[in-house]
Structures are given as C-alpha cells and as structure tokens.
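The block underneath contains the structure these notes are about, expressed in structure tokens.
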Amino acid sequence: MDESALEPSPAQEISFLSPESFSTLDEYSKNPRFIELQEELRGVLFARASGENTNIRTTPDQDAADTDDNEQPEPKRGFDFTRVSIPKIQLIKYLKNWIIECAPYLDKFDHARHFAIRVPVIAESSPALFYAVLAFSARQMERKTGSDKNYDSLELYQESIRLLAPGMQAKDSNMLVTACILAVMELMSGSPRNWRRHIEGCATLFDLFQVNGFSGGVLQAVFWCYARMEVCGAIISGGAESTVLALRNWAPPLPGHATTNADADVFVRNAFYQSSLENGDMHANWAVYLCAKACDLLYRHTRATELQEPDQQDVRPFASQWKALWEELQFWFKTREDVSLPTLVSEDNGQTFPTILFAHWPAISSNQVYHATCLIMLDMRPRQEFLPSPEGSAVWHARRVCGISLTNPHRASLINAIQPLYLAGRLLTHTAEHIAVGKLFKIIEETTGWGALWRLRDLEIVWGYMPGEIMAAML
C-alpha cells in the first residue's frame, strides 16, 4: 500500500490545526513535569489493565492492609490534607470550587449529581480520588483566573498518581473514578491534538471493571463522563479516528445468539429507550451514543473510500448503515419527553441565530448534540438519499447548534458545545455569524476555564480569514 495514502486528508489536516497559542495558559501543556506525569499515569493504568506489576511502592497503610486480606482495617474516613505542601485553607478552597463550579461540568446529564454529591463522600476514604478532585479544581481555577506562575494543580496531580498505583493493584473501582477525573483534567490542560493519549489509559479500565453505560450509580456516571470525552475527540479527528473504547462495550452484551449488526442496533436502541422511560437522563446519554456511532461510521467510511479498506465491522452496504443510523437519530428526536423539548423557539427574533430556550439542563446539550450528529451524517449522506426539509438541511441544523448556545448560557453545556459549534461554524457564510460564533468561543474560555479559542483559529482557516482577524473584529 502507498504510504502516502495514510496521510490525513486536507479536511483532516484542518481539524488538527489547533495552535495552543490561541488559548490561555498554553505553556502548561508544554511543562516538562506535566508531560512526565502524563506518561507516569499512562504507565500505571496500562500496567494494571494488562495484569502487570506497576513496580511502584505502595503507601505504608496499603502495605499493612495487603499483609492479610482477612484482616484489612476499615479505610480511614476524613480528608487528609497533609500529603502536600499546599496550605490547608487553599485545599479547602479547591474542594469548595469542585462542588460549586467543577462537578456541574461533569454532572450535566445526571440529576443525581454523582460527581458533586457522591464523589466527595467516596474521596473521604480514597486519597487518590481526593487529590484528583483537588487537582482538577485547582487547574480549573488556574485557567479561569489567568494564573501563570504557581501551579498547585501539578503537585496535586502528582500526588493523586502516586496514590493511584496501590488502588489499581487492589483493583479498587474508585480508581476508575480517579482516572476519569484526571483524564478530563488533562484534556482541559493539554493539547486537543493528543486527545487519544489522555483517554486511552482510562479506556482500558472499563473492561477491567466491567463497566458500561448501564452499570448504574457512580460508575455509570463516570462512564458517560468518559463517553463525552470520546465523542469530543472523535469529532476533533475529523474521520481520521474512531472511539478508543469500541462501541460494542458501551452497552450490555447482546443476549442470545443474535449477532448481526441490525440486531445489535435494535437491542441497544430498545435498551436506551426503556432506560429513558425510567431515567430521563439516559435520553441525553443516548444522544452521545448516537453521535459516537456517527463518528465511527464516518471513520469506517473514510477508510473504505480513501484507503479502499473493506469494512469488516459491518457487512451491510454503507447506504444501508447510513439509513439505519439516520432513522435511529430521528427516533431519538421524536421520542423526547416534555422536559427535553424547547420551552421557547423564535426564528424571527432580530438576532443572528434563532432563539431556542430549554428549561432542563440535559436538554440543552442533548439537543445540540443531536443537531451536530445530523451535520456529521449529512456530510456523508449517500447521493440517493432524499430527506425532507428542514431535517435534510445542514444549514438548518448548524444555525440551531449556534442558537442553542447563544440562548442557554449554562456553563456545563457551553463546554460541551465547543465541538458542535466548530461543526456548525464550517457552514456559516456571513461575517456577522462568524463574529457571533467567535464571541461564543471567547465566552466559553473566559467563564469556564476550558480551552475553546483554538477552535476559532481552525474556523478562521475554513472561512478564509487571516489568523486572528475574527478576534480583532470582536473587540
């Protein structure tokens, strides 16, 4: 095979042109200590997932606990603030910031608020998790306040990794929660181009702990937090890569002996639909799953068309796969409960984009993800497929992606909007629209601490502007 065929297409190159200099505090991602700790974390996670010894000495308490499995003492409860040099009063501030500011980012689809309520309780007896929480919170505060000198998050990140190894050796499921929080922190802090490296280690643990999107409780919440990272990364890849965790592992195994892809689609759809009736949050998670399926279909279609690589995952013709997934998307849209419907829709509002107001937080992102997924699907629509208006209009979906973010300034939803806004922005043609989207990216970065302006640089390339031209027009 011609090795040049493996090079990314121009469209994929555009998706990776994401200079960190367009976001604040980009030097952090280049910090040698941060890079070293990332590799250390990957080593711990991959070693345990493969059954190897991590070769990292356990803490004294763990050594004592491992001497006799039948006489393990009860884990001590209460936060241990003494393991780092950072003053206790500052650590308490980070803990408060986690509950008030950070956890809602991760609980956006979870009415039980596991990250805000349950995770701090678990962290009282799990120091690795406690310091992961503090590291995430510290990093979010550093980014939001513009601190560029004192990185408490690095010391806390290091301590969490040090404490993670003994828990991994003991196959403590709390370490899956810890690893996920650290992965999100890395994505918030590092280069988006390296998204797979941030989540690969975390992905190995779901099989180890036999966790999927229907496991229930804290672990289910952790799975869907991870899944949203997967979808963001797959969109960033622009069809060059699929999800790290195979989609067949996102739901319980298919019962019986039915093994066709069509059967699997029906089974998973029914599982989501029934769960949605019992738990409205699952309808939002279902949208994330469908977006992941669309990204996976795009990846396989790209491999088949550009590399002439046969699709060994699904023997159905591409047109049949596309149609089946499109029908799943429309089924999701039609089966939304009342709380997932917009409270107000106004097309003629004198604004650049339509006003689409939601009263239910999960409805904001899930509806936006639906429109973003439609954009991915329409971009690879088979020529013979005719779709009615407006569902078949990519511009219609793009304008709704932007309108949802402009109307609903919920911070967790704004973070989730970065990649959908990029997909939508590629279809916009008017300067006023470009400026409005640029302002959205700026708001996201300034109010949440999450890097977003790098995506504006990508869009400037697509739109044909000089670097920084839209930023200058926003002033």
Answer yes or no for Arg228 and Tyr226: cation-pi contact, defined as NZ/CZ to six-membered ring centre under 6.0 Å and angle to ring axis within 45°.
-> no

Think Arg399 forms a cation-pi with Phe353, using NZ or CZ under 6.0 Å from the six-ring centre and within 45 degrees of its axis?
-> no

Please report the C-alpha distance between Ser413 and Gln368 in whole Å, then the side-chain angles of each, then the deciding distance to 0.1 Å, and finally whether the side chain to side chain donor-acceptor pair (under 3.5 Å) criterion is met.
-> CA-CA 9 Å; Ser413 299; Gln368 189 174 56; over 6 Å; no

Could you give me the CA-CA distance, side-chain angles and deciding distance for Trp250 and Phe214, then say whether ring pair (Phe, Tyr, Trp, His ring centres under 6.0 Å) is met?
-> CA-CA 8 Å; Trp250 287 40; Phe214 296 82; over 10 Å; no

How about [X] and [Y]: do any of their side-chain heavy atoms sit closer than 4.5 Å?
X: Gln210; Y: Ser215; answer: no
X: Phe441; Y: Leu421; answer: yes
X: Arg118; Y: Val121; answer: yes
X: Asp207; Y: Asn249; answer: no
X: Tyr151; Y: Arg139; answer: yes
X: Thr355; Y: Val345; answer: no
X: Met471; Y: Arg457; answer: no
X: Leu427; Y: Leu375; answer: yes

Begin from the C-alpha positions of Lys144 and Glu446 and carry the test salt bridge (charged side-chain N to carboxylate O under 4.0 Å, His left out) through to its verdict.
-> CA-CA 6 Å; Lys144 190 175 176 181; Glu446 290 180 348; over 6 Å; no

Does the pair Phe136 and Tyr131 meet the rule for a ring pair (Phe, Tyr, Trp, His ring centres under 6.0 Å), with working shown?
-> CA-CA 8 Å; Phe136 185 105; Tyr131 281 93; over 10 Å; no

If you draw a 6.0 Å radius around [atom1] in [X], do more than 12 non-hydrogen atoms from other residues or ligands fall strictly inside?
X: Phe209; atom1: CZ; answer: yes
X: Trp361; atom1: CH2; answer: no
X: Glu39; atom1: CD; answer: yes
X: Arg33; atom1: CZ; answer: yes

What are the two closest heavy atoms between Met185 and Ala135, and how far apart are they?
-> SD-CB, 3.9 Å

Run the ring pair (Phe, Tyr, Trp, His ring centres under 6.0 Å) check on Phe109 and Trp224 step by step: do they pass?
-> CA-CA 8 Å; Phe109 288 175; Trp224 289 111; 8.7 Å; no

Step-by-step side chain to side chain donor-acceptor pair (under 3.5 Å) determination, Tyr105 to Asn416 | CA-CA 9 Å; Tyr105 296 173; Asn416 216 50; over 6 Å; no

Do any N or O atoms from the side chain of [X] and from the backbone of [Y] form a donor-acceptor pair under 3.5 angstrom?
X: Asp296; Y: Ser242; answer: no
X: Thr204; Y: Gly201; answer: yes
X: Ser160; Y: Leu156; answer: no
X: Trp450; Y: Leu414; answer: no
X: Gln158; Y: Leu37; answer: no
X: Asp110; Y: Asp281; answer: no
X: Gln419; Y: Cys232; answer: no
X: Glu230; Y: Leu245; answer: yes
X: Ser393; Y: Trp396; answer: yes
X: Glu460; Y: Glu469; answer: yes

For the atom pair [atom1] ([X]) and [atom2] ([Y]), what is the distance rounded to the nearest 0.5 Å?
X: Glu445; Y: Leu440; atom1: CD; atom2: CG; result: 13.0 Å
X: Leu154; Y: Glu36; atom1: CG; atom2: CD; result: 10.5 Å
X: Leu164; Y: Gln169; atom1: CG; atom2: CD; result: 10.0 Å

Between Arg411 and Glu101, is there a salt bridge with N-O shorter than 4.0 Å?
-> yes

Is the shortest distance from a Lys or Arg side-chain nitrogen in Arg83 or Asp80 to a carboxylate oxygen in the other one below 4.0 Å?
-> yes

Plane angle bin for Trp463 and His434 - parallel if under 30°, tilted between 30 and 60°, otherwise perpendicular = parallel

May I ask you to decide if the ring planes of His397 and His371 are parallel, tilted or perpendicular, using 30° and 60° as cut-offs?
-> tilted

